[in-house]
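What follows is a single structure, written as structure tokens, with notes after it.
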Amino acid sequence: MHSPIQSISMDNDGLKKLKSKSDLHITRKVWHFIGIITIAVLFHNMTRQAALVTSMTCMLGLLLLETIRIRSLSFNKFVISLFGPVMREREKYTYTGTSALLVGTFIIIFLFPPKIVTLSLLFLAMADPLASYFGVKYGKDQLVQGKSLQGSIAAFFTCFFISLIFYLAEGLMTDRILIVSLLTGLCGAFAELVSIGKLDDNLTFPVINSCLVWALFTVFGASV
């Protein structure tokens, strides 16, 4: 007789197997969305100096904890017991996407004006998980390094609509809002598509997107 309790797959160190990038992993996407929206709201209500100090403190603190986790099997087991549902298999013995996210957030807060930072955070919160969802579920036409045409289209439309609403709310470039929103959508889709070596897209996405949107704002003379 088979046991009704399904066994949990473990690796050689006794750590349970986690989901991979090819899984839908809805829990992680919800965690991703809530976490980044929270960061965006906090950033919107802070001065730039306070945002820089806060983001640097959180980044360094998490990197320290991650380093300890990677070096300590017992601490790693404890962390995985808490956060395993939102982690991926490849993150068990290396830095997680959350660390990359905080590094990316600090970089864009340090380098770019607040409006560009807010827009990039909104893109990362919504476009990145939606692109991943549509890529995993419907991605039949592969483009580069596991990124699909279907995922990129989802990223484009998400970034387009976010841009449209954001520009209207901020009163930015409203006389040419359609073309600017379309171009901003393309910036977001391109940033989501690009992979740089083994760097996590939670780091590359906001930085690349901020660079592109900053260039777009400069060309169209938008006030930032």
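Scope of the values below: all heavy atoms of this structure, side chains included, with no hydrogens, waters or symmetry mates.
- Across Ala127 and Cys159, no two heavy atoms sit closer than the pair CB-SG, 3.5 Å.
- Clustering ILVMFWY residues whenever any of their side-chain heavy atoms sit less than 4.5 angstrom apart, transitively, puts Leu216 in a cluster other than the one holding Ile165.
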Item to complete: Would you please test Leu101 and Ile36 for side chain to side chain contact (heavy atoms under 4.5 Å, CB included) and show each step?
Response: CA-CA 9 Å; Leu101 166 65; Ile36 299 174; 3.8 Å; yes
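- Legend: residues meeting side-chain hydrogen bond (donor to acceptor under 3.5 Å, both in side chains) with Ser152, ordered by chain and number and at least two apart, are absent.
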Worksheet item: Given Lys19 and Glu89, is the side chain to side chain contact (heavy atoms under 4.5 Å, CB included) satisfied, shown in steps?
Response: CA-CA 6 Å; Lys19 291 184 180 295; Glu89 180 66 21; over 6 Å; no
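- With sequence neighbours left out, Ala215 forms a side-chain contact (heavy atoms from CB on, under 4.5 Å) with no residue at all.
- Taking 4.5 Å as the limit, some side-chain heavy atom of Phe217 sits within range of a side-chain heavy atom of Leu172.
- To the nearest 0.5 Å, atoms OG1 (Thr105) and CD1 (Ile108) are separated by 5.5 Å.
- Partners of Ser55 under the side-chain contact (heavy atoms from CB on, under 4.5 Å) rule, at least two apart in sequence or in another chain, are Phe106, Ile109.
- At a threshold of 4.5 Å between side-chain heavy atoms, the hydrophobic network of Ile, Leu, Val, Met, Phe, Trp and Tyr places Leu42 and Ile37 in two separate groups.
- Closest approach of Ala51 and Met46 over heavy atoms only: CA-SD, 3.8 Å.
- When the side chains of ILVMFWY residues are joined at heavy-atom separations under 4.5 Å, either directly or via intervening members, Ile39 and Val30 end up in a single hydrophobic cluster.
- Hydrophobic clustering of Ile, Leu, Val, Met, Phe, Trp and Tyr side chains at less than 4.5 Å, counting indirect connections, unites Leu102 with Leu52.
- With sequence neighbours left out, Leu199 forms a side-chain contact (heavy atoms from CB on, under 4.5 Å) with Ile196, Leu203, Thr204.
- With a 4.5 Å cut-off on side-chain heavy atoms, Asp201 and Asp128 count as touching.
- Contact detail for Phe43 and Pro114: the closest heavy-atom pair is CE2-O, 3.5 Å.
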Cut-off 3.5 Å, no hydrogens considered: what does the side-chain donor-acceptor table look like for residues 179-194, sequence neighbours left out?
unit_1, atom_1, unit_2, atom_2, d
Ser181, OG, Ile177, O, 2.7
Thr184, OG1, Tyr167, OH, 2.8
Thr184, OG1, Val180, O, 2.6

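- Counting only heavy atoms from C-beta outward, the side chains of Leu18 and Ile80 approach each other to under 4.5 Å.
- Here Phe160 contributes atom CZ and Leu164 contributes atom CG; the two are 5.0 Å apart, rounded to the nearest 0.5 Å.
- One distance of note links OG of Ser163 with CE of Met173; it measures 8.5 Å at 0.5 Å rounding.
- Between Asp200 and Arg90, at least one side-chain nitrogen of the basic residue sits less than 4.0 Å from a carboxylate oxygen of the acidic one, meeting the salt-bridge criterion.
- In this structure Arg48 satisfies the salt bridge (charged side-chain N to carboxylate O under 4.0 Å, His left out) test with no other residue, sequence neighbours excluded.
- Hydrophobic clustering places Ile162 together with Phe220 (ILVMFWY residues linked when any side-chain heavy atoms are closer than 4.5 Å, directly or through intermediates).
- Across every non-hydrogen atom of Val53 and Thr57, the tightest pair is O-OG1, 2.7 Å.
- Nearest heavy atoms, Ser195 versus Lys147: OG-NZ, 4.0 Å.
- A search for side-chain contact (heavy atoms from CB on, under 4.5 Å) contacts involving Phe83 returns Trp31, Val79, Val86, Met87, not counting sequence neighbours.
- Within the structure, the salt bridge (Lys or Arg N to Asp or Glu O under 4.0 Å) test picks out no pair touching residues 167-183 (sequence neighbours left out).
- Among residue pairs with one or both ends in residues 117-127, those qualifying as side chain to side chain donor-acceptor pair (under 3.5 Å) are Ser120-Asn209, Ser120-Ser210; sequence neighbours excluded.
- In this structure, OH in Tyr133 is found 6.0 Å from CD1 in Ile26, a value given to the nearest 0.5 Å.
- A search for ring-ring contact (aromatic ring centres under 6.0 Å, His included) contacts involving Tyr138 returns Phe134, not counting sequence neighbours.
- Across Ser148 and Gly135, no two heavy atoms sit closer than the pair OG-CA, 3.4 Å.
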Contacts under 3.5 angstrom, residues 60-74 side chains, donor-acceptor by atom type, not counting sequence neighbours:
unit_1, atom_1, unit_2, atom_2, d
Glu66, OE1, Arg69, NE, 2.8
Glu66, OE1, Arg69, NH2, 2.9
Glu66, OE2, Thr96, N, 2.9
Glu66, OE2, Thr96, OG1, 2.5
Glu66, OE2, Ser99, OG, 2.7
Thr67, OG1, Leu63, O, 2.8
Thr67, OG1, Tyr95, OH, 2.8
Arg69, NH1, Asn76, OD1, 2.9
Arg69, NH1, Glu91, O, 3.3
Arg69, NH1, Lys92, O, 2.9
Arg69, NH2, Glu91, O, 3.2
Arg69, NH2, Thr94, O, 2.5
Ser72, OG, Ser74, OG, 3.3
Ser72, OG, Phe75, N, 3.3

Worksheet item: Could you go step by step and tell me if His32 and Leu124 meet the side chain to side chain contact (heavy atoms under 4.5 Å, CB included) rule?
Response: CA-CA 9 Å; His32 178 99; Leu124 185 60; 4.1 Å; yes
